Asks: 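Here it is, the structure, as structure tokens.
Just so you know, these numbers use all the heavy atoms, side chains as well, and skip hydrogens, waters and symmetry mates. The model shown is predicted, which means the values in this text are computed figures rather than measured ones.
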Amino acid sequence: MAASKILFAAGSDCDFTLLEELFDRNNTTVHRVRSGEEALATLRTTSFELMLTDLEMPDMDAITLARRARRARPGLTVFMYTDLPTQALRREIGEAGIERIFDKPLSPKLVRYLLWEARRASERGGGGDASSAKGV
């Protein structure tokens with residue numbers, strides 16, 4: 001089976017080391033970016049099965065990133081994690097096309113779920129082709 005590719009957008013390093021170690025053991029490549037603009041630039045040239053983004057980043061929030069990323073890659077699966085999930089936020093997240101929201105801290109159980117989702121997205125052709133990425 002080909003390796004799954006996940007775009008991980010987060011401004012801090014706190015969760016990345018855990019994710020990287022767990023994904024490496026499961027034939028999954030994690031591409032880390034530190035800002036929303038970097039994520040959008042990466043999506044212009046590279047296909048991913050899914051994107052996991054922190055709510056808060058230095059240059060934009062996950063909701064703005066999700067809206068712009070889904071315009072660029074309509075088939076991209078987008079998940080978000082935060083330590084501040086509120087009902088109002090959950091409604092806005094759904095409207096932005098974010099499919100799931102996870103509470104911090106990230107866990108091995110979440111990693112297993114993300115692996116499963118990445119493989120499912122890959123099988124259904126999620127993420128789109130880099131050559132067909134729309135402007136973001």
Side-chain angles (χ1 to χ4, degrees):
M1 177 194 298
S4 297
K5 292 189 327 188
I6 296 174
L7 180 59
F8 180 65
S12 70
D13 292 330
C14 60
D15 296 313
F16 183 65
T17 303
L18 168 71
L19 288 176
E20 188 174 44
E21 289 173 11
L22 292 168
F23 284 130
D24 279 348
R25 287 184 267 172
N26 288 284
N27 199 29
T28 299
T29 301
V30 179
H31 184 88
R32 163 74 187 292
V33 295
R34 296 180 186 276
S35 71
E37 288 299 334
E38 188 179 356
L40 295 169
T42 301
L43 286 169
R44 287 185 197 109
T45 60
T46 308
S47 295
F48 294 90
E49 279 72 39
L50 66 87
M51 179 175 68
L52 174 64
T53 180
D54 194 350
L55 173 61
E56 297 178 3
M57 289 180 289
D59 59 345
M60 73 179 70
D61 63 30
I63 295 164
T64 302
L65 173 58
R67 286 185 176 125
R68 293 178 65 188
R70 303 249 324 162
R71 279 195 302 266
R73 303 263 183 197
L76 181 66
T77 300
V78 180
F79 294 149
M80 187 195 84
Y81 69 102
T82 182
D83 53 358
L84 305 168
T86 64
Q87 286 303 324
L89 179 63
R90 289 182 188 276
R91 280 190 296 279
E92 194 172 358
I93 287 165
E95 292 168 2
I98 296 171
E99 296 180 31
R100 293 281 313 260
I101 179 172
F102 298 99
D103 296 334
K104 288 182 179 180
L106 299 179
S107 68
K109 183 177 180 178
L110 170 62
V111 169
R112 284 190 297 277
Y113 178 77
L114 292 172
L115 289 168
W116 179 77
E117 280 291 340
R119 289 186 180 117
R120 248 179 44 145
S122 180
E123 289 169 3
R124 69 176 187 261
D129 180 3
S131 62
S132 67
K134 299 176 185 173
V136 287

Asks: Nearest 0.5 angstrom please: Leu50 CG to Arg73 CZ, how far?
Replies: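 Here the rounded value is 13.5 Å.
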
Asks: Which atom names give the shortest non-hydrogen contact between Gly36 and Leu65, and what distance separates them?
Replies: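 Between these two residues, the closest heavy atoms are O-CD1, 3.7 Å.
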
Asks: State, yes or no, whether a side-chain contact exists between Thr77 and Arg120 at a heavy-atom distance under 4.5 Å.
Replies: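 No - every pair of side-chain heavy atoms lies 4.5 Å or more apart.
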
Asks: Taking all non-hydrogen atoms of both residues, which atom of Met80 and which atom of Leu89 are closest, and how far apart?
Replies: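 Here Met80 and Leu89 meet closest at CE-CD2, 4.5 Å.
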
Asks: Could you give the side-chain donor-acceptor pairs of residues 93-102 under 3.5 Å, partners two or more places apart or in another chain?
Replies:
from: Arg100; atom 1: NH1; to: Tyr113; atom 2: OH; distance (Å): 3.0

Asks: Do Val30 and Leu52 have side chains that get closer than 4.5 Å, going by heavy atoms?
Replies: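 Of all side-chain heavy-atom pairs linking Leu52 with Val30, none is under 4.5 Å.
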
Asks: Ile6 and Phe48: which non-hydrogen atoms are nearest, and at how many Å?
Replies: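 Closest approach of Ile6 to Phe48, heavy atoms only: C-CD2, 3.6 Å.
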
Asks: Residues two or more places apart in sequence or in another chain: which of them pass side-chain hydrogen bond (donor to acceptor under 3.5 Å, both in side chains) with Ser35?
Replies: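 Once residues adjacent in sequence are excluded, Ser35 has no partner under the side-chain hydrogen bond (donor to acceptor under 3.5 Å, both in side chains) criterion.
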
Asks: Could you go step by step and tell me if Lys5 and Thr46 meet the side-chain contact (heavy atoms from CB on, under 4.5 Å) rule?
Replies: CA-CA 10 Å; Lys5 292 189 327 188; Thr46 308; 3.4 Å; yes

Asks: Roughly how far, to the nearest 0.5 Å, is CD1 of Ile63 from CG of Leu55?
Replies: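 Reported value, rounded in 0.5 Å steps: 6.0 Å.
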
Asks: For residues 27-37, which residue pairs qualify under salt bridge (charged side-chain N to carboxylate O under 4.0 Å, His left out), counting only residues two or more places apart or in two chains?
Replies: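 For residues 27-37, and leaving out neighbouring residues, the salt bridge (charged side-chain N to carboxylate O under 4.0 Å, His left out) pairs sorted by first residue read Asp13-Arg32, Asp13-Arg34, Glu37-Arg68.
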
Asks: Can you find a heavy atom in the side chain of Thr42 that is under 4.5 Å from one in the side chain of Met51?
Replies: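 A side-chain contact under 4.5 Å is absent here.
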
Asks: Starting at OG1 of Thr82, measure out to CG of Asp54 and round the result to the nearest 0.5 Å.
Replies: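 Reported to 0.5 Å precision, the distance equals 6.5 Å.
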
